Amino acid sequence: MVPRLSNRSILFCLLNLLFFACNEGSIQEQDEENASKPNIVLIFTDDQGYADVGVFGARGYQTPNLDKMAAEGTVFTNFHVANAVCSASRASLLTGCYSNRLGIYGALSHQSQHGLNPEEETIAEILKPQGYATSIIGKWHLGHMNPFLPTEQGFDEFFGLPYSNDMWPYHPERPDFYPPLPLYENTKVIDTLMDQSQLTTWYTEKAVDFIQRKKDEPFFLYLAHNMPHVPLFVSEKFKGKSENGIYGDVIMEIDWSVGQVMEALRTHGLEENTLVIFTSDNGPWLSYGSHSGSTGELREGKGTSWEGGVRVPTIMKWPGIIPEGKVQDQVAMTIDILPTIAHITGASLPEKKIDGKNILPLIKVEENATSPQDAYYIYYNQNELQAVIMGKWKLVFPHRYRSLPEDFVAPTDGVPGKYEMIELEEMALFDLENDVSEKINLIHENPDIVKKIVQLADKAREDMGDALEDKEGKNRRSPGRLASQDS
């Protein structure tokens, strides 16, 4: 005999069926929503010069994968970092803020007792509520103490070095200053490195593995290569392959790494739904001679606010969104990456003030698209306001900067030569559209332009300060500090 169900039992069964049907529908909707969210791959090299990619003028070696990315995407010839030194540049990239707003200057070392304040929001942190898996592979350099490690700043995974790869016992000028170089996995040191020849390979393998593991959910991969920062190391598969010595070998291996990441995206059917950005943290460390890169026509290099320090090779690819084979010559900056990613993913902007703007129209090379920020950007070194770009114009303020002496002989052994300090005694105005080398001072011919830019600079000084004029700034924030330190 078939048992007879009571009305109450029937109602209970119907409610259960309705619950599971609705729940299955919401899960399916969530899966579809996640599938529509673009993946973000941000490849950030270290000290790679403006002319160190084939399409930007590289000589003595080839970069076929980056050139292919450029052909299938857009080349940005006027893209800048906010600061031409390691930690400060990375702070700006990840938070959308000028680094001096955050209190992050220069390059943090193994002795630094501070880092990026955990109260600041990174790209990883704004993407987490959107369901993104997040990973940093490579160089962090925003604090090596536990409160400041990537896993405290929105990243699910971390594999790499906590600071620059020259901060180790074999530093050519300070061999007794640095401890063994730690290799981290998440919050633990898993090895100390005596040899760095496998770093680029390891990072690439980890990146490919992350893509494979997270292929069914949206992800943010921040691949921050230590190379081509000195000391230069390359694996056997690229050793001696270029016509430009070990520096060319290193760039060829980075290019190979880009190719492996692109192939992983294609293999898993993710290429069409992934924004890939390739750029560098600042210009080349010129005092290292043949162990450094090239700025092409640009003036000076790393550590300066001249174009050779702050203008970096940049390529972006996103099939169907970013046009193929285009060149974008409008000015933009790494501080714009966070708000742009927020816009395209539906993520909320950080609660605290940021400085970058959404540049998606610029990235899509839309007709009449112009740079954000009313087309101006501020260039700080430490807390010195050294330059402002407004459209094609760049006004440089009096300051001291490092430069190679006229009789400089480029070293070939990985030991740096010596800089000299130059005093820029008066303001200088350059038309970057026609004088990218910053040679012709047009300040006397353009008083109205100078007046406008000085007003912008004064606004920045009021906001963020300027050590050159002993101004503190009203809206600077503190870095993260250990509890034992005074705030």
Side-chain angles (χ1 to χ4, degrees), residues 50 77-85 88-89 91-93 97-101 105-106 280-284 286 295 297-312 329-336 355-356 371-403 421-471 473:
Y50 183 79
T77 59
N78 200 359
F79 200 84
H80 293 69
V81 293
N83 196 298
V85 182
S89 178
S92 294
L93 170 76
C97 296
Y98 291 115
S99 58
N100 56 303
R101 185 181 296 286
Y105 309 116
S280 173
D281 71 336
N282 47 246
L286 297 175
T295 64
E297 299 179 86
L298 307 183
R299 183 171 176 177
E300 301 299 344
K302 171 179 176 170
T304 77
S305 294
W306 301 103
E307 290 299 285
V310 294
R311 189 182 293 218
V312 287
D329 60 4
Q330 294 288 318
V331 64
M333 186 182 276
T334 48
I335 58 173
D336 299 322
D355 300 295
S371 303
Q373 314 259 358
D374 297 325
Y376 81 93
Y377 290 91
I378 311 298
Y379 296 85
Y380 277 93
N381 194 342
Q382 295 293 328
N383 200 41
E384 295 182 359
L385 197 163
Q386 295 184 349
V388 175
I389 282 183
M390 183 184 74
K392 71 173 185 175
W393 298 102
K394 181 175 181 180
L395 186 63
V396 183
F397 297 98
H399 68 279
R400 297 180 79 236
Y401 64 94
R402 68 189 193 187
S403 183
M421 298 306 296
I422 304 293
E423 193 79 38
L424 181 68
E425 296 181 350
E426 296 182 354
M427 288 192 301
L429 180 70
F430 302 99
D431 174 0
L432 296 180
E433 191 174 286
N434 298 296
D435 178 27
V436 73
S437 301
E438 298 171 286
K439 292 180 178 179
I440 304 169
N441 185 0
L442 300 174
I443 194 164
H444 298 300
E445 293 87 341
N446 298 277
D448 291 341
I449 297 295
V450 173
K451 182 179 179 181
K452 288 180 182 179
I453 299 179
V454 167
Q455 289 173 344
L456 295 174
D458 288 339
K459 181 181 177 182
R461 293 179 180 115
E462 186 76 13
D463 183 24
M464 292 181 285
D466 181 6
L468 292 171
E469 296 197 1
D470 295 321
K471 293 189 175 180

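Just so it is clear, the model here is predicted, and its values are computed rather than measured.
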Q: Would you check if E438 and L432 make a side-chain contact, meaning some heavy-atom pair closer than 4.5 Å?
A: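 A side-chain contact under 4.5 Å exists here.
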Q: Have a look at N78 and tell me which of E307, R311, Q330 forms a side chain to side chain donor-acceptor pair (under 3.5 Å) with it.
A: R311
Q: Do you know the tightest heavy-atom contact between S92 and A82?
A: OG-CB, 3.6 Å
Q: Which residue pairs pass the side chain to side chain donor-acceptor pair (under 3.5 Å) test with at least one member in residues 445-463, sequence neighbours excluded?
A: R101-D463, D458-R461, R461-D466, E462-K474, D463-N475
Q: Report the residues that fulfil side-chain hydrogen bond (donor to acceptor under 3.5 Å, both in side chains) with N282, sequence neighbours left out, ordered by chain and then residue number.
A: D47
Q: Among all residues two or more places apart in sequence or in another chain, which pass the side-chain hydrogen bond (donor to acceptor under 3.5 Å, both in side chains) test with N381?
A: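 N381 satisfies side-chain hydrogen bond (donor to acceptor under 3.5 Å, both in side chains) with no other residue.
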Q: Under the side-chain hydrogen bond (donor to acceptor under 3.5 Å, both in side chains) rule, collect the residues that match up with E425, sequence neighbours excluded.
A: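 Here no residue qualifies.
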Q: Taking only distance into account, with no hydrogens and no angle test, what donor-acceptor pairs under 3.5 Å do side-chain atoms of residues 383-392 form with protein atoms, sequence neighbours excluded?
A:
unit_1: N383; atom_1: OD1; unit_2: N100; atom_2: ND2; d: 3.1
unit_1: E384; atom_1: OE1; unit_2: Q386; atom_2: NE2; d: 3.0
unit_1: Q386; atom_1: OE1; unit_2: S305; atom_2: OG; d: 2.9
unit_1: K392; atom_1: NZ; unit_2: D431; atom_2: OD2; d: 3.4

Q: Hey, are the side chains of R299 and F430 touching, using non-hydrogen atoms and a 4.5 Å cut-off?
A: yes
Q: Enter the distance from N441:CG to L395:CG here, rounded to the nearest 0.5 Å.
A: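 Answer for the CG-CG pair, N441 versus L395, is 9.0 Å.
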Q: Any side-chain donor-acceptor pair under 3.5 Å between E300 and S403?
A: yes
Q: For a quick test of reading the model, state the closest non-hydrogen atom pair linking A428 to I443 and the distance between them.
A: N-CD1, 4.2 Å
Q: With rounding to the nearest 0.5 angstrom, report the CD1 to OG distance, I335 to S99.
A: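 The OG atom of S99 is 10.0 Å from CD1 of I335, to the nearest 0.5 Å.
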Q: Could you list the residues that satisfy side chain to side chain contact (heavy atoms under 4.5 Å, CB included) with L424, not counting sequence neighbours?
A: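 With neighbours one apart ignored, the set is W306, V396, H399, Y401.
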Q: Output the distance between atom CG (L429) and atom CD1 (I453), rounded to the nearest 0.5 Å.
A: 5.5 Å
Q: Between M333 and D355, does the side-chain contact (heavy atoms from CB on, under 4.5 Å) criterion hold? Intermediate values first, please.
A: CA-CA 10 Å; M333 186 182 276; D355 300 295; over 6 Å; no
Q: Taking side chain as C-beta onward, heavy atoms only, is F79 less than 4.5 Å from T334?
A: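 They are in contact (side-chain heavy atoms under 4.5 Å apart), so the answer is yes.
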Q: Has T295 got a side-chain atom pairing as donor or acceptor with G301's backbone, closer than 3.5 angstrom?
A: no
Q: Answer whether the closest heavy-atom distance between the side chains of D336 and Y377 falls below 4.5 Å.
A: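 Result yes, sub-4.5 Å side-chain heavy-atom pair found.
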Q: Would you find a donor on one side and an acceptor on the other, under 3.5 Å apart, between the side chain of S437 and the backbone of L298?
A: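 Not confirmed, S437 side chain does not pair with L298 backbone.
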Q: Working to the nearest 0.5 Å, report the span between CD1 of I378 and OH of Y98.
A: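 Taking CD1 in I378 and OH in Y98, the distance rounds to 5.0 Å.
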Q: Has the side chain of N83 got a donor or acceptor atom that lies under 3.5 Å from a matching backbone atom of A88?
A: no
